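A quick write-up on the structure given underneath.
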Amino acid sequence: MPETINIRPAEAADLPFLWEMLFASMYTPEGEPPLSRDILARPEISKYLDDWGKEGDMAFIAVSSEGERLGSITLRLFDPEHPGYGYVDENTPELGMAILPEHRGKGIGTLLMQRAFEELHAAGIPSVSLSVDPRNRAMKLYERFGFTEVGMSGTSVTMKAQVHRSGIQGAEEPKYINRKRGTRT
């Protein structure tokens with residue numbers, strides 16, 4: 001029987017885990033040396049979580065039935081003076097997502113994306129953006145959710161999607177999530 005995965009809003013106690021996930025979200029191509037954790041102190045990276053809890057900040061955590069945190073998704077608004085890598089405009093939140101390496105490829109990213117899109121839709125937010133290295137396998141997931149390329153920032157692609165209720169293009173209702181419990185069905 002597949003493991004039950006719950007998607008819940010992040011709490012203040014989850015902030016250290018969000019920092020871990022921010023580090024995990026930084027793509028390193030195969031064969032290249034891993035990044036140093038010192039990168040989290042750089043202003044262009046730390047701004048994704050500094051002063052977390054500002055108006056418009058949203059985060060969700062994927063949790064196993066045993067209570068283990070498996071991954072997260074964050075949404076944050078930036079402004080033209082302090083844009084994120086996936087910045088489109090000051091009304092479009094930038095999405096960041098990471099799954100612990102040992103839990104990737106199990107549909108957790110889909111569950112997190114569905115929850116984020118549901119919450120964005122409920123809040124009346126029409127679009128969302130992100131930044132991704134084009135070699136990252138997550139590109140396929142993002143494309144399933146309707147993200148399309150709108151620009152480049154360094155070596156990363158800036159993508160934007162219109163918010164649909166389920167997030168998956170052409171789908172009206174979530175196909176992989178039980179809305180009441182936030183669990184995989």
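Sequential numbering from 1 along the given sequence is applied to the chain's residues. Note that the structure is a prediction, hence the values are computed from the model and not measured.
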Start with the C-alpha gap between M97 and T74, add the side-chain angles, then the distance that decides, and say whether side chain to side chain contact (heavy atoms under 4.5 Å, CB included) holds. CA-CA 6 Å; M97 182 173 68; T74 59; over 6 Å; no
Ring pair (Phe, Tyr, Trp, His ring centres under 6.0 Å) between F78 and Y48, worked out: CA-CA 9 Å; F78 291 98; Y48 283 93; 5.1 Å; yes
Would you please test V132 and F147 for side chain to side chain contact (heavy atoms under 4.5 Å, CB included) and show each step? CA-CA 11 Å; V132 63; F147 283 91; over 6 Å; no
What verdict does the side chain to side chain contact (heavy atoms under 4.5 Å, CB included) test give for M26 and I45, after you've listed the backbone C-alpha separation in whole Å, the side-chain angles of each residue and the deciding distance to 0.1 Å? CA-CA 10 Å; M26 292 180 220; I45 302 299; 3.3 Å; yes
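When every heavy atom of G86 is checked against every heavy atom of E94, the shortest pair comes out as N-OE2, 2.9 Å. Closest approach of P34 to T28, counting heavy atoms only: CA-CG2, 4.4 Å. In this structure, A62 and L112 approach most closely via the heavy-atom pair N-CD2, 3.9 Å. The minimum heavy-atom distance linking G109 with L141 is given by the pair C-CD2, 3.9 Å. The two residues P83 and P80 have their closest heavy-atom pair at CD-O, 3.4 Å. When all heavy atoms of S46 and L40 are compared, the closest pair comes out as CB-O, 3.2 Å.
A distance-only check finds no donor-acceptor pair linking the side chain of S25 to the backbone of A98 [under 3.5 Å]. With R76 contributing its side chain and K47 its backbone, the two residues share a donor-acceptor pair below 3.5 Å. Remark: side-chain polar atoms of K106 are paired, donor with acceptor, to backbone N or O of E102 under 3.5 angstrom. The backbone N or O of M139 sits nowhere less than 3.5 Å from a side-chain atom of N136 that would complete a donor-acceptor pair.
For the pairing with I61, the side-chain contact (heavy atoms from CB on, under 4.5 Å) check across L70, D14, I73 returns one residue only, D14.
In this structure the side chain of T148 never reaches within 4.5 angstrom of the side chain of M159, judged on heavy atoms. By the 4.5 Å heavy-atom criterion applied to side chains, T110 and R144 are counted as neighbours. At a threshold of 4.5 Å between non-hydrogen side-chain atoms, the residues M113 and Y142 count as touching. F145 places none of its side-chain heavy atoms less than 4.5 Å from the side chain of V128.
Separating the CG atom in L77 from the CG atom in D89 is a distance of 9.0 Å, to the nearest 0.5 Å. Between atom CG of residue L95 and atom CG of residue L130 there is a gap of 5.5 Å, rounded to the nearest 0.5 Å. Between the OG atom in S36 and the CZ atom in F23 there is a gap of 7.0 Å [rounded to 0.5 Å]. Note: F17 CZ to R69 CZ = 6.0 Å, rounded to the nearest 0.5 Å. The structure places CD of E44 at 7.0 Å from CD1 of I39, a figure rounded to the nearest 0.5 Å. Distance CE/M58 to CZ/R115: 10.5 Å, rounded to 0.5 Å.
Side-chain contact, S127 with T92: a donor N or O sits under 3.5 Å from an acceptor N or O.
Cluster annotation: L100 is connected to L35 through the hydrophobic network of ILVMFWY side chains, with a link wherever side-chain heavy atoms come within less than 4.5 Å. I99 is not connected to L18 by any chain of hydrophobic side-chain contacts under 4.5 Å among Ile, Leu, Val, Met, Phe, Trp and Tyr, and they are in different clusters. Taking hydrophobic clusters as Ile, Leu, Val, Met, Phe, Trp and Tyr residues chained together by side-chain heavy-atom distances below 4.5 Å, M21 does not share a cluster with I108.
Shown here is R37, whose CZ atom has more than 12 heavy atoms of other residues, nucleotides or ligands within 6.0 Å. By the 6.0 Å contact criterion, CD on E55 is open, its count of non-hydrogen atoms from other residues, nucleotides or ligands being 12 or less.
Note on residues 126-141: pairs passing salt bridge (charged side-chain N to carboxylate O under 4.0 Å, His left out), not counting sequence neighbours, are D133-R135.
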